[in-house]
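None of these values were measured; they are calculated from a predicted model. Throughout, residue positions are numbered sequentially from 1 according to the sequence presented.
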Amino acid sequence: MPRFISSILFILASVSIISASNLTDQAEKAYQNESYQEAVDLYRQAIEKEGTSATLYYNLGNAEYRLGHTARAILAYERALRLDPTDSDTRTNLEFVNDRIVDKKGETGSFIYNTFVSFTNIFSSNGWAWIAILFFCLTLAGIVAYTLSEIVWLRKIGFFGGIASLLFTIFAIILAFKARSFSLDDKDAIITAETSILSTVPRPPVNHDEEAMLLHEGTKVRVLRSMKIDVDSVAQTWNEVEVDNKHRAWINSDDIEKIWPEK
């Protein structure tokens with residue numbers, strides 16, 4: 001009986017993989033035929049069946065942009081970069097679309113922090129992990145050279161090279177964990193509403209004094225905290241967001257969508 005159940009599960013899994021692959025092929029054909037809405041629908045179905053994929057999100061972003069869905073395209077590209085921060089095509093397309101949104105974002109974070117993030121995103125967490133393994137192997141080679149070799153200069157290379165490799169191993173491990181942490185960060189969000197009036201208080205502004213700013217679709221914000229309120233007996237969630245280093249305000253959660261995890 002257990003073998004029978006395992007066979008059934010294997011068959012179901014195989015069918016699911018084949019189905020997802022077919023959906024991807026259909027989506028690519030729809031995109032090539034300029035049936036962009038059909039391509040978007042098929043890419044989304046493929047993501048649901050196949051799971052998150054940098055390639056699928058990249059292709060989805062291209063289709064969304066062709067439809068003029070700026071915010072959805074940015075969301076897809078951002079999600080693709082969370083899965084593969086090394087993809088230059090995705091980064092180029094994201095920068096291209098960001099240059100065409102209405103709101104020009106100010107500075108966020110410090111220069112040192114942004115530099116560290118950029119350096120960390122040179123490789124994915126798996127990439128940094130493999131680099132750590134490589135340097136660890138070099139560390140072991142240095143230990144072997146130092147302990148077993150009778151040649152003085154080779155022992156020196158093994159000693160100092162082993163120490164340097166160990167330090168690089170530790171550094172790469174730290175970057176691997178940081179890259180993983182960045183990819184799973186669930187605070188960043190994109191404004192999906194065409195326009196959104198942000199408030200100085202966690203509720204809809206009732207006068208001009210409570211209107212903090214007007215932002216448009218595609219703008220990236222960082223969610224700091226959330227608060228649930230009742231507005232005319234209707235439950236709403238308002239998020240305090242950081243727009244840049246100088247601006248914070250409250251926005252209705254219906255006007256934004258978090259980059260990760262996807263809803």
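- Ion pairing between E217 and R72 fails under the 4.0 Å rule for side-chain N and carboxylate O.
- Under the side chain to side chain donor-acceptor pair (under 3.5 Å) criterion, T70 pairs with no residue, sequence neighbours left out.
- The salt bridge (charged side-chain N to carboxylate O under 4.0 Å, His left out) search around R225 returns E240, not counting sequence neighbours.
- The only member of I190, T192, N239 that meets side-chain contact (heavy atoms from CB on, under 4.5 Å) when paired with I256 is N239.
- Between K105 and D244 there is no salt bridge, since no side-chain nitrogen of the basic residue lies less than 4.0 Å from a carboxylate oxygen of the acidic one.
- A side-chain contact (heavy atoms from CB on, under 4.5 Å) with T24 holds for exactly one of L56, L42, T55, I47; it is L56.
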Please tabulate, one pair per line, all N/O donor-acceptor pairs under 3.5 Å involving side-chain atoms of residues 32-41, not counting sequence neighbours.
from	atom 1	to	atom 2	distance (Å)
N33	ND2	K29	O	3.1
Q37	NE2	D41	OD1	3.1

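- Looking at E210 and R203, a side-chain N of the basic residue comes within less than 4.0 Å of a carboxylate O on the acidic one, giving a salt bridge.
- At least one donor-acceptor pair under 3.5 Å links the side chain of R100 to the backbone N or O of F96.
- Looking at D99 and K104, no side-chain N of the basic residue comes within less than 4.0 Å of a carboxylate O on the acidic one, giving no salt bridge.
- By the 30° and 60° cut-offs, the orientation of the rings of F182 relative to Y113 is perpendicular.
- With respect to the salt-bridge test (charged N to carboxylate O, under 4.0 angstrom), the residues D188 and R82 qualify.
- Ring orientation note: the planes of F171 and W128 are nearly perpendicular, at an angle over 60° on the 30°/60° scale.
- Remark: R79 fails to qualify as a cation-pi partner of Y77 under the 6.0 Å distance and 45° angle criteria applied to the six-membered ring.
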